[in-house]
Amino acid sequence: MTPLVLLDLVLGAVVLGLVAATLWSGSRARMTMLFIGFGGVVALVWMRLGAPDVALAEAAVGAALTGALILRAQGSVPAPLPERSRPWIIRGLVAGLSVAVFGALAWALISLDWKARPGLERVVEARLPESGVTNPVTAVLLNFRAYDTLLEMAVLLIATAAVWCLGRSSETPQLPPDDPLNLALLRPLVPLLCIVAGYLLWLGAFAPGGAFQAGAVLSGALLLLLVAGLPRAPGQMDTLRLRATIAAALLVFLGVAAATAMSEATLLQYPPHRAKDLILVIEAALTLSVAYTFLVLFQGGRPPPREVRA
Amino acid sequence: MMSMVATIFAAFLMLVTAVALMRVACGPTTADRMLGLQLLGTSLTALALLLGVALDRPRLWDIALVFAVLASPTAAVFIASMRLRTRSTESDSA
Amino acid sequence: MNWAEILATSLFAAGCFFFVGGAAGLLRFPDVLTRLHALTKADNLGLGLIALGAATLADNAWGGLKVLLIWLVVMLTSATCGYLLADQAHTSDLEKPK
């Protein structure tokens, strides 16, 4: 048994045990906290499977930010889990369906011919020099399939609008005020989070990284500012600046799309000598928008407008 | 050779992680569960470092950096949310 | 194995030892505050030794510095958040449920 097989076995056992423990939970707190832990462990699985971009995104978004979201929601709604009221036949049907889908996927995966490598890797690699970056994931996300990313930005904006339609944001959780440790935590960490976000943004061109991961790290900084109760922290009031930042990515992307459509006569076809700059500009706007979108989703509703604040 | 050694240590550290998760699952109070998540975060950072050595991909150390740096916003949000819940239950029962 | 790898291996082993200690404390100590104490040992020494081991295997100085930065960040986080958590647990959450 090679060490790698041992690692895989232990990792798999931990993941499966964690899933079982999460689903068989008696209390909401246990289920949600285990789920947050699950996000972190899945990032590890992605690392082992050789997908560092996905692992980065999972670590930042799936573990840390989703965790923050869940913790905030849980903190304001203490309640036991509802009784299991569904009849057993429906539960049996759902279980049977899940097993069937899993079995089909497993069979498809096992019967796949890995030697033939039917994916698009070779096509992407052949065209990588034209894309302006050397990381194939970034090239696909922001150049070859930029249209998909543009639509994703629109989806994020719509999600923000939908959440804002649900009503006002509930009271923001705050750390104990006037505690000197709040500033002790913030002073090194907020600038560091911003620097790490910039580092990940720059890194995305040639190594695992990119705008989504950078935006997630930046929103960590914004969450710290909000929760420490700093008076001018973003996300507390519904201002034009907040809305503009959330919409920035989509607007920039649309601008680039319009410019390329007019000059090259093909939508989102970057001229190869400009591709790197265009990608950087779009990614920078994306980082800001993603960060502020996480912030407003964390708030869970529309913040009060500016006039209300005394 | 080094990557094999690092892989063994990583497998071992995963068991330690499982122990932390047990505290998340069992810990009677919510604070216990948060402690388990804190240990999980630190173990995942260490595991990311070890996997970077084991799989010979130093780029995985960036993931360790992200784990480390995003631990405090998550913890701060937890503490603030607990404080909010305590204050609201106190004012409810007052 | 050259000397760097031997050093790294021993550092990894020492780091794992402290992690085991931290985990054992987390599992066996009776109380939130005592468990927090055990936890900080794993954070500081466990991760620190593993980080040092990784730093000796880094390709260049930047990799080593990045790893040390990770260690410093985790120490800062565990120290301040440990205190804040203890303060909060002490003033509110010592009830059983959830």
Side-chain angles (χ1 to χ4, degrees), chain B residues 1-3 5-6 8-10 12-13 15-20 22-24 26-36 38-39 41-43 45-50 52-53 56 58 61-62 64-76 78-80 82-83 85-87 89-90, chain C residues 1-2 4-5 8-9 12-13 15-16 19-20 22-24 26-27 31-33 35-36 38-40 42-44 46-47 49-51 53-55 57-60 63 66-67 69-74 76-78 80-82 84-98:
Chain B
M1 180 65 203
M2 191 65 226
S3 63
V5 169
I8 298 178
F9 278 123
F12 180 71
L13 207 56
L15 296 174
V16 169
T17 311
V19 165
M22 271 194 261
R23 175 52 68 206
V24 177
C26 306
T29 68
T30 321
D32 284 306
R33 301 193 206 275
M34 191 61 208
L35 288 186
Q38 282 278 82
L39 184 60
T42 312
S43 322
T45 314
L47 275 166
L49 290 175
L50 281 174
V53 175
D56 200 16
W61 289 351
D62 292 325
L65 182 61
V66 166
F67 270 131
V69 120
L70 280 179
S72 42
T74 316
F78 170 80
I79 296 166
M82 283 298 113
R83 189 164 162 268
R85 177 150 71 107
T86 312
R87 276 188 13 230
T89 50
E90 275 172 9
Chain C
M1 287 223 290
N2 57 18
E5 293 185 346
T9 308
F12 286 161
C16 283
F19 262 110
V20 169
L26 189 64
L27 215 51
D31 184 11
V32 175
L33 299 175
R35 287 169 189 158
L36 185 58
L39 187 56
T40 49
D43 278 354
N44 291 350
L47 183 67
L49 289 168
I50 292 187
L57 295 171
D59 288 333
N60 51 21
K66 185 196 298 183
V67 169
L69 175 69
I70 293 174
W71 180 30
L72 287 175
V73 167
V74 172
L76 171 68
T77 301
S78 77
T80 38
C81 290
L84 289 172
L85 198 61
D87 195 34
Q88 188 56 29
H90 184 64
T91 58
S92 74
D93 209 19
L94 292 186
E95 19 154 27
K96 284 290 262 184
K98 297 283 149 188

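In what follows, chains are A, B, ... by sequence order, proteins preceding strands, each numbered from 1.
- Two residues are said to be in side-chain contact when any heavy atoms from C-beta on lie closer than 4.5 Å; B:F9 and C:T9 meet this criterion.
- Heavy atoms closer than 4.5 Å to chain C are found in both the backbone and the side chain of B:L65.
- For C:A38, no part lies under 4.5 angstrom from a heavy atom of chain B.
- In this structure, the portion of B:V53 lying under 4.5 Å from any heavy atom of chain C is its side chain and not its backbone.
- When B:I79, B:L49, B:V16, B:T17 are compared by the number of non-hydrogen pairs under 4.5 Å with chain C, B:I79 comes out ahead.
- Neither the backbone nor the side chain of B:L15 comes within contact range of chain C; no heavy atoms are under 4.5 Å apart.
- Looking only at side-chain heavy atoms (C-beta outward), B:F12 and C:V20 come within less than 4.5 Å of each other.
- Put simply, the side chain of C:W71 gets close to the backbone of C:N44: a donor and an acceptor are under 3.5 Å apart.
- Pairing each heavy atom of B:A10 with each of B:L47, the nearest pair is O-CD2, 3.3 Å.
- B:V19 is not listed as a side-chain neighbour of C:L26, based on a closest heavy-atom distance of 4.5 Å or more.
- Proximity of a side-chain donor or acceptor of B:R23 to a complementary backbone N or O of C:L27 within less than 3.5 Å is detected.
- Of the listed residues C:D59, C:L76, C:T40, C:L85, the one with more heavy-atom pairs under 4.5 angstrom with chain B than any other is C:L85.
- Both the backbone and the side chain of C:A58 have a heavy atom closer than 4.5 Å to some heavy atom of chain B.
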